[in-house]
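Have a look at the structure below before the remarks.
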Amino acid sequence: MLKIYNTLTRKKEVFTPRIEGKVGMYVCGMTVYDYCHVGHARVMVVFDTVARYLRYSGYDLTYVRNVTDIDDKIIQRANENGEDISQLTERFIDAMHEDERALSVLPPDHEPKATQSIPDIISMIEVLIKNGLAYVGNNGDVFYAVTKFDNYGKLSGKNLDDLQAGERVDVDLAKHNPLDFVLWKMAKANEPAWESPWGLGRPGWHIECSAMSTCCLGNHFDIHGGGMDLQFPHHENEIAQSEGATGETFVNVWMHNGFVRINEEKMSKSLGNFFTVREVLKQYKPEIIRFFILSSHYRSPLNYSDEQLNEAGTALTRLYTALRDCDANSQDFDMEYKARFDQAMEDDFNTPVALSVLFDLARELNKSKDLKDKAASLAATLKQLAGLLGILQEDPESFLKSGAVNGESESDAAIDQLVQDRLNAKQSKNWALADSIRDNLKALGVIVEDSPNGTSSWRRE
RNA sequence: GGCUGCGUAGCAAAACGGUUAUGCAGUGGCCUGCAAAGCCAUCUACGGCGGUUCGACUCCGCCCGCAGCCUCCA
């Protein structure tokens with residue numbers, strides 16, 4: 001029985017899809033004016049893991065994650081670069097896909113772009129105006145009138161009076177209420193613009209997601225996800241727009257992932273304390289980043305540091321070491337571990353506990369290496385369950401032998417030779433030589449491990 | 001100021017009203033020519049003060065500390 005924490009009710013709820021066996025899930029994606037940082041990676045990995053688990057549970061999932069490819073920052077960045085807007089966005093969309101693939105994030109089923117959803121956006125705004133929830137301001141922009149929507153604030157637990165009190169938005173005289181937000185902006189000179197009933201302009205950010213999600217998944221769908229910071233105002237506004245336009249419930253379950261932090265502070269572009277995925281990939285194997293993200297619960301904060309990444313690497317090495325020289329292709333799975341793993345995942349996708357089951361499994365596998373059938377079953381179970389988290393799918397030997405950083409050390413063949421030399425020295429009981437070869441290898445970042453049958457294997461640190 | 005949420009051992013991170021989390025690190029042992037890996041054992045905990053209870057890290061209240069949102073942000 002899958003339970004998911006719903007931000008709307010602040011409780012874990014038993015998940016029941018609207019239509020039996022089918023799930024629609026929408027996640028707010030990136031605004032593509034720069035490379036993805038680790039915070040973005042967390043969203044991608046978290047919801048990829050959710051998607052994988054829903055599919056494994058037998059649901060027919062439609063997973064939609066949008067791309068915001070028109071907004072102020074994009075326009076600004078393109079101007080700074082002297083680059084065409086679409087050229088800039090295409091470039092960063094490609095980079096995002098590259099990062100995704102590196103992190104074993106499976107592509108969503110649909111990836112709508114704001115610029116390709118303009119007609120849907122316009123028609124939704126028209127309905128909102130018709131329903132009396134939106135108005136054209138005296139500067140020509142179209143605004144949403146928050147006071148006209150009854151439950152404004154129900155997701156974030158805010159009410160309009162509190163918001164008013166803490167109000168620190170610049171006063172915009174075109175708005176009836178300072179909290180009203182823009183649905184359609186009039187075009188400025190040299191900005192991309194589309195024809196609309198209100199003149200040449202472009203959509204506001206919030207309406208894009210309302211239009212794209214309902215367009216791909218219907219007026220009412222099961223799961224909507226995104227980072228914590230989108231709770232207010234973005235998701236609150238989406239509810240107001242979508243429910244205001246369709247008159248139907250918009251979303252059943254709202255899921256929000258916690259932030260990646262650096263020194264107890266949110267990683268963000270505005271604070272400038274971020275690491276891009278590609279930067280981190282220069283130092284760590286992609287699977288280590290994925291493991292690191294999964295090692296804490298998706299709603300908890302995740303502190304980014306080299307120590308944490310290094311630990312994730314050590315932990316992964318332990319799992320791969322257990323799998324080394326094992327036949328993991330058995331179809332005979334260990335149901336006890338599987339059940340424990342499922343139980344963890346069904347409790348609001350508790351990946352830290354799911355990982356701990358994997359470690360228990362690895363320990364038992366290490367103890368059972370002599371029992372062929374049991375070892376095969378445990379290894380197959382370990383690999384299959386880890387696969388649901390998107391880890392441990394590489395060949396153990398190649399994972400262990402690949403360096404943390406991009407190449408540049410001794411070649412595998414050269415290392416093999418040195419290891420063989422050492423074995424020869426060992427055979428003639430020349431311990432001094434054998435040990436000095438091992439020390440030399442260690443200096444090259446290579447660890448040699450002898451096995452009881454007289455052979456040696458090696459791995460890179 | 002308003003609204004969320006958090007505070008677990010050296011570090012990271014979970015669960016649970018009474019029973020081993022788990023990973024890394026430490027200590028002792030087994031294994032090894034010696035190591036490494038692996039296995040076994042083991043030491044460090046539940047921010048503070050009250051309350052409920054036969055019993056609370058786990059429920060309730062207060063206090064302290066931290067983070068996030070209230071402006072674009074994953």
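Each chain gets a letter, A, B and so on, in the order its sequence line appears, and its residues count up from 1. Side-chain atoms are counted along with the backbone in the values below, which use heavy atoms only and exclude waters and symmetry mates. Here the structure is a predicted model, which is why all the values come from computation and not from measurement.
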Which value, rounded to the nearest 0.5 Å, describes the distance between A/Arg290 atom CZ and A/Leu392 atom CG? 12.0 Å

Pairs in or reaching into residues 100-111 of chain A: which pass salt bridge (Lys or Arg N to Asp or Glu O under 4.0 Å), with residues at least two apart or in two chains? A/Arg55-A/Asp109, A/Arg65-A/Glu100, A/Arg65-A/Glu111

Looking at B/rA14, I'd like to know if its phosphate oxygens (OP1 or OP2) sit under 4.0 Å from a side-chain N or O belonging to A/Asn350. no

Taking the cut-offs as 6.0 angstrom to the six-membered ring centre and 45 degrees off its axis, would you call A/Lys3 and A/Phe15 a cation-pi pair? no

Send over the distance from A/Asp229 CG to B/rC72 C1', rounded to a whole Å. 10 Å

Nucleotide nearest A/Lys158 (side chain, heavy atoms from C-beta), chosen from B/rA74, B/rA37, B/rC69: B/rC69

Tell me what A/Gln308 touches on the nucleic acid: a base, only sugar-phosphate, or nothing, going by heavy atoms under 4.0 Å. sugar-phosphate

In terms of side-chain heavy atoms of A/Asp450, which of B/rA35, B/rU4, B/rC3 is nearest? B/rA35

Which one, B/rC72, B/rC24, B/rG38, comes nearest to the side chain of A/Asn366? B/rG38

What nucleotide among B/rA74, B/rA36, B/rC39 has an atom nearest to a side-chain atom of A/Glu449? B/rA36

Charged N-O contact under 4.0 Å between A/Lys369 and A/Asp325: no

Of the nucleotides B/rA37, B/rC34, B/rA74, which one has an atom closest to the side chain of A/Arg438? B/rC34

Over how many whole Å does the gap from A/Glu264 atom CD to B/rC6 atom C1' extend? 11 Å

So, OP1 or OP2 of B/rA74: does either fall under 4.0 Å of a side-chain N or O from A/Lys266? no

Contact under 4.0 Å: A/Lys367 side-chain N or O vs B/rC40 OP1/OP2: yes

Within the 4.0 Å heavy-atom criterion, would you say A/Arg65 contacts the bases, only the backbone, or no part of the nucleic acid? nothing

Carefully, step by step, assess A/Gln384 and A/Thr381 under the rule side-chain hydrogen bond (donor to acceptor under 3.5 Å, both in side chains). CA-CA 5 Å; A/Gln384 194 218 21; A/Thr381 309; over 6 Å; no

Just how far, in rounded Å, is P of B/rC6 from CD of A/Glu265? 21 Å

Could you tell me whether A/Asn303 contacts a base, only the sugar-phosphate backbone, or nothing, with contacts defined as non-hydrogen atoms closer than 4.0 Å? nothing

Under-4.0 Å side-chain N/O to phosphate OP1/OP2 contact, A/Arg318 with B/rC39: yes

Residue A/Asp162, side-chain atoms from C-beta onward, closest of B/rG2, B/rA36, B/rC34: B/rG2

Base, sugar-phosphate or nothing for A/Ser300? Non-hydrogen atoms, less than 4.0 Å. sugar-phosphate

Counting only side-chain nitrogens and oxygens, does A/Ser451 get under 4.0 Å of the OP1 or OP2 atom of B/rA36? no

Any stems for RNA chain B, made of 3 or more Watson-Crick or G-U pairs in a row, each with both distances under 3.5 Å? B:1-7 with B:64-70, B:10-12 with B:22-24, B:26-30 with B:38-42, B:47-51 with B:59-63

For A/Phe275, look at atom CZ and say whether over 12 heavy atoms of other residues, nucleotides or ligands are found less than 6.0 Å away. no

If stacking means aromatic ring centre less than 5.5 angstrom from the base's six-membered ring centre, planes under 30°, is A/Phe259 stacked on B/rG68? no

Candidates B/rA13, B/rC69, B/rG33 - which lies nearest the side chain of A/Ala434: B/rG33

Hey, does A/Val260 reach any base, or is it just sugar-phosphate, or nothing, if we go heavy atoms under 4.0 Å? base

Is A/Arg363 close enough to B/rG23 that one of its side-chain N or O atoms is under 4.0 Å from OP1 or OP2 there? yes

Rounded to whole Å, OH of A/Tyr26 lies from C1' of B/rA74 at a distance of 13 Å

Going by heavy atoms in the side chains, are A/Ser456 and A/Val419 under 4.5 Å from each other? yes

Exercise: identify the closest heavy-atom pair between A/Ile207 and A/Leu183: CG2-O, 3.5 Å

